[in-house]
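Being a predicted model, the structure only gives us computed values, none of them experimental. We use all heavy atoms of the structure for the numbers below, so side chains are in, but hydrogens, waters and symmetry mates are not.
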Amino acid sequence: MGYSILSLSDNQSLLSTRQYILESAAYAVTSTLGYKQAEAACGQGNYDLAIIGHSFSFQEQEALITLVRARGDTLILVLRTAAPGQSPSGADGMFELAEGAQAFLVRVGELLKRGNEARVSKAGC
């Protein structure tokens with residue numbers, strides 16, 4: 001099954017790198033730079049997973065989670081640095097960037113698999 005990922009960041013270099021990593025693992029990726037582009041992308045399609053970058057402030061991450069949740073049942077993964085700080089509520093998962101690219105792809109795959117299993121079991125009710 002081909003998964004569709006919405007990648008959100010406010011840093012073009014980080015966004016491009018994330019897109020490259022995800023596309024190398026055969027995911028379909030829509031990358032958006034900043035809140036306004038994210039808002040437009042959310043209105044244009046359904047995504048299996050939204051990845052919210054660590055370069056957004058805590059308040060921006062919270063706003064993006066609310067935006068994505070308002071548009072459907074998309075899973076949400078928030079990226080973090082190892083620095084202490086608040087974790088936004090409402091995300092389906094968190095990922096510490098220090099774990100590296102391979103661990104990132106494993107985490108993405110786990111979330112997508114979990115989401116797919118939940119959709120299948122919901123359809124069977």
Side-chain angles (χ1 to χ4, degrees):
M1 174 180 201
Y3 290 106
S4 177
I5 297 176
L6 176 61
S7 180
L8 311 159
S9 184
D10 68 349
N11 180 296
Q12 184 61 55
S13 296
L14 296 172
L15 191 63
S16 297
T17 301
R18 188 178 319 131
Q19 181 167 346
Y20 174 79
I21 291 168
L22 291 165
E23 287 179 342
S24 72
Y27 292 113
V29 181
T30 299
S31 293
T32 65
L33 186 63
Y35 188 88
K36 291 223 184 274
Q37 283 187 14
E39 198 171 36
C42 282
Q44 294 175 357
N46 294 321
Y47 302 95
D48 298 297
L49 176 67
I51 300 173
I52 300 174
H54 72 287
S55 57
F56 286 111
S57 71
F58 172 77
Q59 291 81 11
E60 291 169 324
Q61 288 177 342
E62 288 277 330
L64 287 165
I65 290 170
T66 300
L67 173 69
V68 172
R69 285 279 182 244
R71 307 294 172 121
D73 64 350
T74 301
L75 294 167
I76 298 172
L77 177 64
V78 176
L79 304 181
R80 294 182 42 125
T81 61
Q86 293 177 301
S87 296
S89 60
D92 296 293
M94 303 292 284
F95 180 78
E96 298 288 339
L97 292 173
E99 295 180 45
Q102 186 60 41
F104 171 66
L105 288 174
V106 168
R107 183 70 175 127
V108 166
E110 290 170 349
L111 265 178
L112 289 168
K113 181 180 177 192
R114 188 176 83 200
N116 190 46
E117 289 170 352
R119 286 184 190 106
V120 168
S121 70
K122 195 187 290 185
C125 290

### Task
Find out if a path of hydrophobic residues (ILVMFWY) with successive side-chain heavy-atom gaps under 4.5 Å connects L67 to F56.
yes
### Task
Could you tell me the separation between the CD1 atom of I52 and the CD1 atom of I76, rounded to the nearest 0.5 Å?
5.0 Å
### Query
Can you tell me how far CZ of R114 sits from CG of L75, rounded to the nearest 0.5 angstrom?
6.5 Å
### Message
side-chain contact (heavy atoms from CB on, under 4.5 Å) for Y3 and V108? Distances and angles first, verdict last.
### Response
CA-CA 10 Å; Y3 290 106; V108 166; over 6 Å; no
### Task
Would you indicate whether the side-chain heavy atoms of T66 and E62 approach each other to under 4.5 Å?
no
### Task
Verify the cluster assignment for L105 and V29: are they in a single hydrophobic cluster under the rule of side-chain heavy atoms below 4.5 Å apart?
yes
### Query
I51 versus L49: any side-chain heavy-atom pair under 4.5 Å?
yes
### Query
For the residue pair Q61 and L79, what are the closest heavy atoms and their distance?
NE2-O, 3.8 Å
#### Entry: Heavy-atom donor-acceptor pair, R69 side chain to L64 backbone, under 3.5 Å
no
### Query
R18 side chain to L8 main-chain N or O, any donor-acceptor pair under 3.5 Å?
yes
### Query
Can you check whether H54 reaches L14 side chain to side chain, under 4.5 Å on heavy atoms?
yes
### Task
Verify whether one side chain among Q12 and S16 offers a donor that lies under 3.5 Å from an acceptor in the other.
yes
### Message
When you measure from the side chain of D48 to the backbone of I5, do you find a donor-acceptor pair of N or O atoms at a distance under 3.5 Å?
### Response
no
### Task
Any side chain to side chain donor-acceptor pair (under 3.5 Å) involving residues 31-43? Give me the pairs, sequence neighbours left out, ordered by first then second residue.
Q19-S31
### Query
Going hydrophobic residue to hydrophobic residue with side-chain gaps under 4.5 angstrom, can you get from L6 over to L15?
no
### Query
Does one hydrophobic cluster hold both L112 and I21, with members joined at side-chain heavy-atom distances below 4.5 Å?
yes
### Query
Do the non-hydrogen side-chain atoms of Y47 and V68 ever get within less than 4.5 Å of each other?
no
